[in-house]
Amino acid sequence: MPSDDRHADSHPDVLHDPRGPRHGVNPGQPLAGVTVVALEQAVSAPLCTRTLGDLGARVLKVENPRGGDFTRGFDDVVGGLAAHFVWLNRGKESVALDVRHPDGRTVLHRLLDSADVLVSNLAPGAVSRLGLGADDLDRDHPRLVSVEISGYGTGGPLSGKRAYDLLVQAETGVCAITGTPGAPAKPGPPFADGVTGLYAAIAVLGALTERATTGVGARLAVSMFDAMTELMGYPLTWTAATGVDQQPVGMGSPAVAPYGAYHTADGRTVVLGTTNDAEWARLATDLLGRPDLVTDERYRHNPDRVAHRAELDALLGEWCGKRSLVDVQAAADAAGIGNSVYRTPSEVVEHPHLAARDRWRDVDTPAGPVRALLPPAIVAGHTAPMGPVPALGAHTDAVLTELGLTPHELADLRAAGVLGARTPED
């Protein structure tokens, strides 16, 4: 087994790797030299690790040899590949390893000997069964930063339940404030998964920063339930203070009015409105041509306008319905009123703002190149790696050879079913 000389490293900064350059490192990136081992599936952990990879970390995605990450099979719309998997797994190295097998667990621990971060989002209790609980890691891998993503965290009545994005959004009240009264809805994007993954990535970055000073790793935990109740901050605070559940208002906000979607004369839909009293004065005077509305006691302050939302929506809807989208937006811009266009996903794919800012890149996949968006965070002086989407087990032999396993050992592990079949990339 390779020695773990990190324990004696006198320079624990994550950007200083005493082992020298390694395969898969992205030189010049913020997280160059950081190796992440991912026991992941679905969305939350893969988004966490892809975010770290976008910052230059090397991500080793450990997958079950029999099928891998289950999102690989969600659909086949991207040239035979699944849209979820292509979105979340670019730039990663796939290691097909059965970690439930004793020999597979031994190999996994050898991977962790040379890793900096472990990210997992397995079923409740699975991490502990693999010998990767907090006490195990403190003993065996004290410098490792680990984050376990779960559905509901520990210590509560829901802790043992499986959790998926919709289930958590329903449990945390998100669906109750989305849609319209009597017709709740799940927001389209997987917000519970996504927000949890991003919180996990933030926690990892904080722990790596602390480790640069202390040389000691950290045991982190982030639950989807906690992430979404945090994101529900405004509605929960409002309800806790009033004892009243706010009712959803479709394409609008229960917090402010007028604010929503309105049809224009040319069949488009514009989204606009106000967020404060000063904006309301400009909207009433400069857009509607109704300065009298500014002093009307029914609409003077935002709580008054919220109480009379239907009346204001009717006024603004009538005004927009007599004008084209271009004219509405031009008038709103001139008055300093925020506005946007309601667009479908197919329109966003061809959005001129994405094209003008050169936000698309080609990413290699086993099915050929596909378009992918650059990561949202723009780091001056750095270009996101945007590496290929891996085939299942594409890097198994290369990664394990780095650990010192011989071709004979790899053959024995493969014969025992611990490793996936060899791939062309191997």
Side-chain angles (χ1 to χ4, degrees), residues 23-26 29 36-98 119 121 164-165 188-190 193-194 197 343-351 354-355 357-376 383-402 410 414 417 419-426:
H23 175 75
V25 168
N26 297 295
Q29 298 294 327
V36 178
V37 172
L39 297 174
E40 61 181 20
Q41 54 195 355
V43 176
S44 56
L47 181 57
C48 171
T49 59
R50 202 209 75 183
T51 300
L52 299 174
D54 286 340
L55 293 170
R58 181 187 188 188
V59 180
L60 305 179
K61 184 180 180 76
V62 177
E63 300 188 74
N64 184 335
R66 288 161 287 283
D69 183 331
F70 63 71
T71 62
R72 284 183 178 273
F74 267 11
D75 55 60
D76 58 2
V77 300
V78 187
L81 307 177
H84 269 87
F85 192 85
V86 169
W87 164 43
L88 292 164
N89 291 285
R90 66 167 182 252
K92 301 179 183 181
E93 298 172 54
S94 174
V95 178
L97 176 68
D98 185 354
V119 178
N121 69 330
Y164 302 115
D165 182 80
D193 280 323
R343 298 182 186 274
T344 62
S346 59
E347 291 176 306
V348 176
V349 168
E350 304 302 330
H351 203 299
L354 292 175
R357 297 170 62 241
D358 194 25
R359 294 289 298 160
W360 290 105
R361 292 292 183 275
D362 282 342
V363 168
D364 287 334
T365 78
V370 300
R371 284 202 297 173
L373 287 169
L374 287 167
T383 301
M386 304 297 284
V389 176
L392 175 59
H395 306 87
T396 304
D397 285 19
V399 170
L400 299 190
T401 298
E402 286 182 54
L410 293 175
R414 188 159 278 120
L419 306 182
R422 286 182 59 86
T423 68
E425 288 83 352
D426 283 336

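- Here Ser44 pairs with Asn121 under the side chain to side chain donor-acceptor pair (under 3.5 Å) rule; sequence neighbours left out.
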task: For Arg371 and Val349, run side-chain contact (heavy atoms from CB on, under 4.5 Å): C-alpha distance rounded to whole Å, both residues' side-chain angles, the deciding distance at 0.1 Å, then the answer.
output: CA-CA 10 Å; Arg371 284 202 297 173; Val349 168; 3.1 Å; yes
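- Closest approach of Val36 and Ala57 over heavy atoms only: CG2-CB, 4.0 Å.
- For Tyr164, the ring-ring contact (aromatic ring centres under 6.0 Å, His included) criterion is met by no residue, not counting sequence neighbours.
- For residues 359-370, the salt bridge (Lys or Arg N to Asp or Glu O under 4.0 Å) pairs, not counting sequence neighbours, are Asp358-Arg361.
- A search for side-chain contact (heavy atoms from CB on, under 4.5 Å) contacts involving Arg66 returns Asn64, Asp98, Arg100, not counting sequence neighbours.
- Atoms CG and CZ, on Leu52 and Arg58 in that order, are 15.0 Å from each other to the nearest 0.5 Å.
- Within the model, atoms CG of Leu60 and CD of Glu402 stand 8.0 Å from one another, a figure rounded to the nearest 0.5 Å.
- Applying the side-chain contact (heavy atoms from CB on, under 4.5 Å) rule to Leu47 yields the partners Thr51, Leu88, Leu198; only residues at least two apart in sequence or on another chain are considered.
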From CA spacing to verdict: side-chain contact (heavy atoms from CB on, under 4.5 Å), Leu410, Leu419: CA-CA 8 Å; Leu410 293 175; Leu419 306 182; 3.9 Å; yes
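- The two residues Pro190 and Val43 have their closest heavy-atom pair at CG-CG1, 4.4 Å.
- Taking 4.5 Å as the limit, every side-chain heavy atom of Gln41 sits out of range of all side-chain heavy atoms of Arg72.
- Counting only heavy atoms from C-beta outward, the side chains of Asp397 and Arg422 approach each other to under 4.5 Å.
- Side-chain contact between Pro46 and Lys92: present, with at least one pair of heavy atoms (C-beta onward) separated by less than 4.5 Å.
- Under the 4.5 Å side-chain criterion, counting only non-hydrogen atoms from C-beta, Val119 is not in contact with Leu39.
- Asp69 pairs by the side chain to side chain donor-acceptor pair (under 3.5 Å) definition with Lys61, Thr71, not counting sequence neighbours.
- The shortest heavy-atom contact between Ala367 and Gly79 is CB-O, 3.2 Å.
- Nearest heavy atom pair, residue Val363 against residue Gly387, reads CG1-O, 3.3 Å.
- Of all non-hydrogen atoms in Ser94 and Gly393, the two that sit nearest each other are OG-N, 2.7 Å.
- Across all their heavy atoms, Pro65 and Gly417 have their closest contact at CG-O, 4.5 Å.
- Met386 contributes atom CE, which lies 9.5 Å from atom CH2 of Trp360 (distance to the nearest 0.5 angstrom).
- At a threshold of 4.0 Å, the pair Arg343-Glu350 does not count as salt-bridged, since none of the basic side-chain nitrogens sits closer than that to a carboxylate oxygen.
- For the atom pair CG of Leu400 and NE2 of His395, the computed distance is 12.0 Å after rounding to the nearest 0.5 Å.
- Under the salt bridge (Lys or Arg N to Asp or Glu O under 4.0 Å) criterion, no residue pair touches residues 73-82, with sequence neighbours excluded.
- Checking Asn89, Val370, Thr365 one by one against Leu81, the side chain to side chain contact (heavy atoms under 4.5 Å, CB included) holds for a single residue, Thr365.
- Interatomic distance, CG of Asp193 versus CG of Asp165, reported as 4.5 Å (0.5 Å rounding).
- Legend: residues meeting side-chain contact (heavy atoms from CB on, under 4.5 Å) with Ser346, ordered by chain and number and at least two apart, are Thr344.
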- prompt: Run the side-chain contact (heavy atoms from CB on, under 4.5 Å) check on Val95 and Glu63 step by step: do they pass?
  reply: CA-CA 6 Å; Val95 178; Glu63 300 188 74; over 6 Å; no
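- Pairs passing the salt bridge (Lys or Arg N to Asp or Glu O under 4.0 Å) check and including a residue from residues 42-51, sequence neighbours excluded, read Arg50-Asp54.
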Full working for side-chain contact (heavy atoms from CB on, under 4.5 Å) between Thr396 and Arg414: CA-CA 11 Å; Thr396 304; Arg414 188 159 278 120; 4.2 Å; yes
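- Two residues are said to be in side-chain contact when any heavy atoms from C-beta on lie closer than 4.5 Å; Pro375 and Arg90 meet this criterion.
- Applying the ring-ring contact (aromatic ring centres under 6.0 Å, His included) test to residues at least two apart or on different chains, the pairs with a partner in residues 48-70 are Phe70-Phe74.
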